[in-house]
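For reference, the structure is listed below as structure tokens.
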Amino acid sequence: VWFIEQLKPLLLPRTLNSAPEILPQDSHLIAVMFIDLDRFKVINDSLGHIVGDHLLASVGERLGQNIRTQDGLARFGGDEFAVLLRRLPNREDAFLVASRLVQSFQKPFEVQGHTFSLGISIGIVFGHKDYQVPEDILRDADLAMYQAKYRGGNCYTVFEEVMRPQAMQRLQLEQDLRQAITAEQLCLYYQPIWSLTDHTITGFESLLRWHHPDRGWISPAQFIVIAEETGFIHQLGWWAIEQAVTQFYRWQKTYPAASSLSLNINISAHQIKDRQFPQRFAKLITELDLDGRCLNLEITETSFLETAQYYPENFAFLRKLGVEICIDDFGVGYSSLSRLHRLQVDTIKIDRSFVMDIDVDPQKKAITGTIITLAHQLGAQIIAEGIESEAQQTHLINLKCPFGQGFYLAKPLPVDAASNLIATL
Ligand code: C2E
Ligand code: CA
Ligand code: CA
């Protein structure tokens with residue numbers, strides 16, 4: 001409320017008869033920054049609200065130290081803050097303040113004996129004659145902040161007009177996704193995983209597909225993030241898991257060869273954070289009488305590091321079922337293999353970006369070779385993803401990569417095609 005009251009006199013009032021000579025009290029350039037903390041929820045959920053509250057107080061203090069005395073700072077509930085920059089000489093000054101704020105979070109926070117690293121995402125909007133009420137300017141700052149988050153956080157983004165239609169589209173997609181399950185627009189495809197040593201299929205990875213009634217096929221790369229932001233990922237994730245394991249069960253019942261196959265299922269960090277997840281997973285596979293040892297859960301490197309530290313018991317429970325943990329997109333995050341190993345990782349999937357250039361970029365080839373050697377030494381399995389040519393496959397075989405996946409070997413297949421393939425094994 002205080003923030004909005006501060007902002008009001010700086011904008012043109014929305015009244016029909018407001019005379020043009022009535023200018024806002026302060027006609028200099030103003031900017032509003034909407035700030036959201038990255039990763040705060042994980043800390044709050046795992047260490048409790050008391051630590052969370054102290055941390056928020058320290059965050060407020062640090063933000064305050066990095067703005068000028070004439071600026072305003074307010075907390076907007078949760079882990080959201082807003083800054084009002086008054087009397088800016090030019091736009092660049094706002095960028096300077098934003099960079100300083102992002103920089104200031106490089107230093108970790110010490111709260112009640114814990115050390116936390118936090119990032120911030122900032123959306124910036126400049127005052128404009130079209131902004132007549134504070135709510136409009138805040139809405140746009142919020143949209144810009146979302147873009148900053150979308151870019152990976154720990155940065156700032158300036159609002160642009162195109163963000164509004166984009167946000168509308170996202171909102172529409174969000175609503176459409178919510179009924180995609182009941183409207184039966186979702187299905188799973190299965191991509192074979194191959195042994196590169198004897199060129200046999202060792203398992204499948206399930207991949208979500210959404211057929212939108214107007215827009216056609218929409219990539220999971222697009223809709224998973226939306227599902228994660230809206231919390232719909234829990235429903236969607238369980239739908240995908242149930243479909244996948246049920247299908248796998250059918251294959252095992254129908255085809256003798258399926259008994260030696262494994263199934264890889266992708267899961268998001270949000271699913272692992274759910275305390276009920278391991279038990280529900282256990283119940284599901286027990287009911288189907290499936291052996292946990294043929295199931296692998298794939299989680300991206302960054303999501304794994306984020307969850308392994310705070311939810312170790314969830315991983316331990318899954319591992320007791322025999323379920324293996326597979327690190328997806330390895331190489332794009334910043335973890336070291338030995339750290340992953342300490343956190344008990346069974347399989348590592350080398351990201352497509354390495355495999356893509358393996359035959360043209362000696363550096364990528366060298367890194368891939370190092371990852372494979374180290375993984376062997378640590379006793380972890382290795383799968384190279386995104387193999388698109390024979391040349392890439394040959395390089396991987398030479399580097400002693402045991403498993404591979406990619407369009408060159410087989411594309412993700414609809415259920416019927418995957419079944420036909422299993423029947424030939
Ligand atoms: P991912 O887990 O890294 O899956 C591999 C992606 O690469 C898939 O894209 C696959 O179709 C594609 N791909 C496989 N081989 C090749 C190749 O040789 N070349 C190229 N260019 N691409 C290849 P897709 O199916 O669009 O999935 C995108 C991402 O969405 C997945 O990346 C995964 O992170 C996520 N995802 C898919 N299904 C699920 C799910 O059921 N749950 C969750 N949480 N995430 C899912
Ligand atoms: Ca995957
Ligand atoms: Ca991957």
Side-chain angles (χ1 to χ4, degrees), residues 177 180-181 186-194 196 201 203-212 216-248 262-274 277 281 295-304 306-307 324-333 345-359 371 381-393 395-396 403-415 417-418:
L177 185 58
I181 295 178
L186 293 170
C187 68
L188 288 180
Y189 271 42
Y190 297 87
Q191 188 177 33
I193 299 173
W194 299 74
L196 296 181
I201 293 175
F204 286 84
E205 174 184 4
S206 63
L207 294 160
L208 264 169
R209 294 288 176 268
W210 179 17
H211 193 266
H212 190 280
W217 293 100
I218 300 179
S219 162
Q222 251 182 300
F223 66 82
I224 295 284
V225 265
I226 296 180
E228 287 179 336
E229 277 173 17
T230 55
F232 185 63
I233 189 67
H234 295 283
Q235 234 177 304
L236 181 66
W238 276 115
W239 184 86
I241 292 171
E242 282 165 9
Q243 289 286 314
V245 296
T246 310
Q247 185 55 53
F248 191 60
S262 55
L263 175 69
N264 284 30
I265 304 171
N266 292 289
I267 48 162
S268 127
H270 296 258
Q271 293 171 270
I272 280 287
K273 286 177 196 169
D274 175 3
F277 183 85
F281 192 83
L295 302 172
N296 306 320
L297 296 181
E298 295 194 3
I299 180 162
T300 62
E301 187 182 353
T302 25
S303 298
F304 177 70
E306 186 186 315
T307 49
E324 298 201 334
I325 304 299
C326 175
I327 300 301
D328 212 342
D329 307 341
F330 182 79
V332 290
V345 161
D346 306 288
T347 306
I348 280 159
K349 276 193 145 176
I350 305 178
D351 190 64
R352 189 163 68 85
S353 57
F354 292 93
V355 176
M356 200 162 63
D357 297 331
I358 200 163
D359 45 346
I371 297 175
Q381 277 306 349
I382 283 272
I383 305 175
E385 52 178 20
I387 304 174
E388 290 186 353
S389 70
E390 190 181 352
Q392 291 167 355
Q393 182 183 252
H395 279 286
L396 288 160
F403 300 100
Q405 222 179 336
F407 294 170
Y408 173 70
L409 293 155
K411 290 204 166 169
L413 306 166
V415 170

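Atoms within each ligand, like the ligands themselves, are counted from 1 in listed order. Computed from a prediction, not measured in an experiment: that's the story for all the values here.
- Of all the heavy atoms in D359 and S389, the pair that sits closest is OD2-OG, 4.1 Å.
- Shown here, atom 9 (O) of ligand 1 is out of close reach of the protein: none of its heavy atoms lies under 4.0 Å off.
- Contact annotation for atom 6 (C) of ligand 1: protein absent (non-hydrogen atoms, distance under 4.0 Å).
- Contact record, E306 with K273: OE2-NZ, 2.8 Å, taken as the closest heavy-atom pair.
- Counting the atoms of ligand 1 from 1 in the order shown, those under 4.0 Å from a heavy atom of A240 are 41 (O).
- No donor-acceptor distance shorter than 3.5 angstrom exists from the side chain of Q222 to the backbone of I218, with no hydrogens or angles considered.
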(request) Assess whether side chain to side chain contact (heavy atoms under 4.5 Å, CB included) is satisfied between L208 and N266, documenting all intermediate values. (result) CA-CA 9 Å; L208 264 169; N266 292 289; over 6 Å; no
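- In the candidate list K411, E388, H270, Q392, E388 is nearest to atom 19 (N) of ligand 1, counting heavy atoms.
- Within ligand 1, counting atoms from 1 as listed, the ones closer than 4.0 Å to a heavy atom of I224 are 43 (C), 45 (N), 46 (C).
- Under a 4.0 angstrom heavy-atom cut-off, E205 registers as being in contact with ligand 1.
- Between W238 and F281, the angle of the ring planes lies from 30° to 60°, which puts this pair in the tilted group.
- Closest approach of G237 to Q271, counting heavy atoms only: CA-NE2, 3.2 Å.
- Remark: ligand 1 and N266 share an N or O pair separated by less than 3.5 Å (distance only, no angle test).
- No part of I265 comes within 4.0 Å of ligand 1, judged by heavy-atom distances.
- In this structure a side-chain-to-backbone donor-acceptor pair under 3.5 Å is missing from Q247 to A244.
- A 4.5 Å side-chain heavy-atom check between Q405 and P192 finds every atom pair outside the cut-off.
- Those atoms of ligand 1 with a heavy atom of G386 less than 4.0 angstrom away are 16 (C), 17 (C), 18 (O).
- Less than 4.0 angstrom separates some heavy atom of S219 from each of these atoms of ligand 1: 26 (O).
- Of the heavy atoms in K349, none comes closer than 4.0 Å to ligand 1.
- Distance check for atom 25 (O) of ligand 1: a protein heavy atom is found below 4.0 Å.
- Take a cut-off of 3.0 Å around the Ca ion (ligand 2): the protein N, O or S atoms inside it are E205 OE2, N266 OD1, E298 OE1, D328 OD2.
- Less than 4.0 angstrom separates some heavy atom of P412 from each of these atoms of ligand 1: 11 (O).
- Taking 4.5 Å as the limit, every side-chain heavy atom of E385 sits out of range of all side-chain heavy atoms of F403.
- Nearest to atom 28 (C) of ligand 1 among the protein's heavy atoms is P220 CG, 3.8 Å.
- When only non-hydrogen protein atoms are considered, atom 1 (P) of ligand 1 lies nearest to D328 OD2, 3.9 Å.
- Residue contacts with ligand 1 include R352, since one or more of its heavy atoms lies under 4.0 Å from the ligand.
- Nearest heavy-atom pair, V355 versus G386, reported as atom, atom and distance to 0.1 Å: CG1-O, 3.7 Å.
- Across all their heavy atoms, V345 and I348 have their closest contact at CG1-CG1, 4.0 Å.
- Taking atom 22 (N) of ligand 1 as the reference point, the nearest protein heavy-atom neighbour is F407 CZ, 3.3 Å.
- Here the options are E298, K349, E205, the test is side-chain hydrogen bond (donor to acceptor under 3.5 Å, both in side chains), and the partner is N264; only E298 passes.
- Those atoms of ligand 1 with a heavy atom of Q191 less than 4.0 angstrom away are 14 (C), 15 (N).
- Of all atoms in ligand 1, numbered sequentially from 1 with element shown, those under 4.0 Å from a heavy atom of G406 are 15 (N), 18 (O).
- Nearest protein neighbour of atom 38 (N) of ligand 1, counting heavy atoms only, is L208 N, 3.1 Å.
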(request) Could you go through the side chain to side chain contact (heavy atoms under 4.5 Å, CB included) check for D329 and E301 one step at a time? (result) CA-CA 7 Å; D329 307 341; E301 187 182 353; 5.8 Å; no
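- Nearest heavy-atom pair, S206 versus Y190, reported as atom, atom and distance to 0.1 Å: CB-CE2, 3.7 Å.
- Within a 4.0 Å radius of atom 34 (O) of ligand 1, the protein contributes no non-hydrogen atoms.
- With a 4.0 Å heavy-atom cut-off, ligand 1 is reached by the side chain of D329 but not by its N, CA, C or O.
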(request) Check the pair Q381 / D346 against side chain to side chain donor-acceptor pair (under 3.5 Å), numbers first and verdict last. (result) CA-CA 6 Å; Q381 277 306 349; D346 306 288; over 6 Å; no
(request) For side chain to side chain contact (heavy atoms under 4.5 Å, CB included), just list the numbers for I350 and I382, CA-CA rounded to whole Å, side-chain angles, deciding distance to a tenth of an Å, and then say yes or no. (result) CA-CA 7 Å; I350 305 178; I382 283 272; 3.9 Å; yes
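- Near R209, with a cut-off below 4.0 Å to any heavy atom, the atoms of ligand 1 are 11 (O), 24 (P), 25 (O).
- Scanning the protein for heavy atoms near atom 31 (C) of ligand 1, the closest one is L207 CD2, 4.3 Å.
- Looking at heavy atoms from C-beta onward, I387 lies out of side-chain contact with W194 at the 4.5 angstrom threshold.
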(message) Run the side chain to side chain contact (heavy atoms under 4.5 Å, CB included) test on F277 and L297 for me, step by step, so that the C-alpha distance in whole Å, both residues' side-chain angles and the decisive distance to 0.1 Å come before the verdict.
(response) CA-CA 12 Å; F277 183 85; L297 296 181; 4.1 Å; yes
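- For atom 44 (N) of ligand 1, the nearest non-hydrogen atom of the protein is S268 N, 3.6 Å.
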